[in-house]
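As a basis for the values below, the full set of heavy atoms in this structure was taken, side chains included, without hydrogen atoms, waters or symmetry mates. Order of appearance sets the numbers: ligands from 1, and atoms from 1 within every ligand.
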Amino acid sequence: MTAPSFVVAVDGPAASGKGTIAVRLGRMFGLPVLDTGLLYRAVGVLTDRAGGNPDDEAAASDGARGLTAAVLDDPALRTRGAGELASRVAVHPGVRAALLDFQRAFAAQPGGAVLDGRDIGTVICPDAPAKLYVTATPEVRAERRWKQLAGQGETVEYADVLADIRRRDARDGAREAAPMVAARDAELLDTTEMTIDLAADAARRIVEAARARWEASR
Ligand code: CDP
């Protein structure tokens with residue numbers, strides 16, 4: 001039997017800070033990090049580039065089968081449009097199934113891993129010893145995302161970013177396949193009033209406590 005790995009699941013809505021927190025946790029605990037949102041963004045962009053309709057399960061599943069590691073480095077995946085495409089392809093069970101093995105294999109690496117997404121603690125790694133659900137108000141998340149997009153050179157109104165976030169929250173939360181929801185055993189981390197340093201520090205304490213419990217139980 002292979003040794004169980006120390007998996008840290010970091011879930012939450014768009015621009016809650018989960019991606020930055022996941023990267024910092026990876027550095028602090030010496031674990032590799034997978035941004036699973038990037039997989040869905042890549043499927044959305046590949047489907048769109050192939051002329052497929054992201055709302056069509058067969059077209060989006062073709063996009064998922066075309067996924068390669070090289071695509072994940074494409075800066076186009078970081079755009080506002082890619083986030084919307086990702087959320088549309090992510091409703092399809094066929095797309096989610098196609099991405100499951102890759103995510104589970106990443107999580108099973110010796111020593112462990114950090115994965116951030118929407119369904120890591122509920123579907124991908126329900127037995128993860130450390131689970132965080134990172135949130136913030138839609139207004140604060142929209143402000144963060146607006147600044148990030150502006151930094152990437154994307155010109156967009158704050159009101160439009162807020163509308164995107166609300167639409168994506170509603171779609172991600174209402175879908176039948178792996179909806180965005182906090183796992184029952186996840187620690188909630190509301191970053192609305194926190195700087196990223198404070199949020200990362202709070203996350204570190206949660207993971208340290210989880211690691212101590214996990215080690216004691218082995
Ligand atoms: O960075 P941001 O939080 O805006 O989005 P992301 O994490 O890159 O995810 C983009 C979209 O992919 C989300 O709105 C979800 O619809 C979908 N997603 C998912 O369904 N499951 C995951 N584990 C990760 C992302």
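- The salt bridge (charged side-chain N to carboxylate O under 4.0 Å, His left out) test applied to R144 returns no partner, not counting sequence neighbours.
- In this structure, a donor-acceptor pair under 3.5 Å is present between the side chains of S87 and R171.
- Under 3.5 Å, the side chains of T192 and D190 contain a donor-acceptor pair of N or O atoms.
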Which donor-acceptor pairs under 3.5 Å do side chains of residues 66-75 form with protein atoms, sequence neighbours excluded?
{"from": "D74", "atom 1": "OD1", "to": "A76", "atom 2": "N", "distance (Å)": "2.8"}
{"from": "D74", "atom 1": "OD2", "to": "R49", "atom 2": "NH1", "distance (Å)": "3.2"}
{"from": "D74", "atom 1": "OD2", "to": "R49", "atom 2": "NH2", "distance (Å)": "2.9"}

Under 3.5 Å, side-chain donor or acceptor atoms of residues 91-99 against the rest of the protein: list the pairs with distances, not counting sequence neighbours.
{"from": "H92", "atom 1": "NE2", "to": "P54", "atom 2": "O", "distance (Å)": "2.9"}
{"from": "H92", "atom 1": "NE2", "to": "D55", "atom 2": "O", "distance (Å)": "3.4"}
{"from": "R96", "atom 1": "NH1", "to": "A90", "atom 2": "O", "distance (Å)": "2.8"}
{"from": "R96", "atom 1": "NH2", "to": "Y40", "atom 2": "OH", "distance (Å)": "3.2"}
{"from": "R96", "atom 1": "NH2", "to": "D119", "atom 2": "OD2", "distance (Å)": "2.9"}

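- Ion pair E84/R80 not flagged as a salt bridge, since none of the NZ, NE, NH1 or NH2 atoms sits closer than 4.0 Å to an Asp/Glu carboxylate oxygen.
- Sorted by chain and number, the heavy-atom contacts of ligand 1 below 4.0 Å come from A14, A15, K18, T36, G37, Y40, R41, A86, S87, A90, R96, G117, R118, D119, R145, R168, D172, R175.
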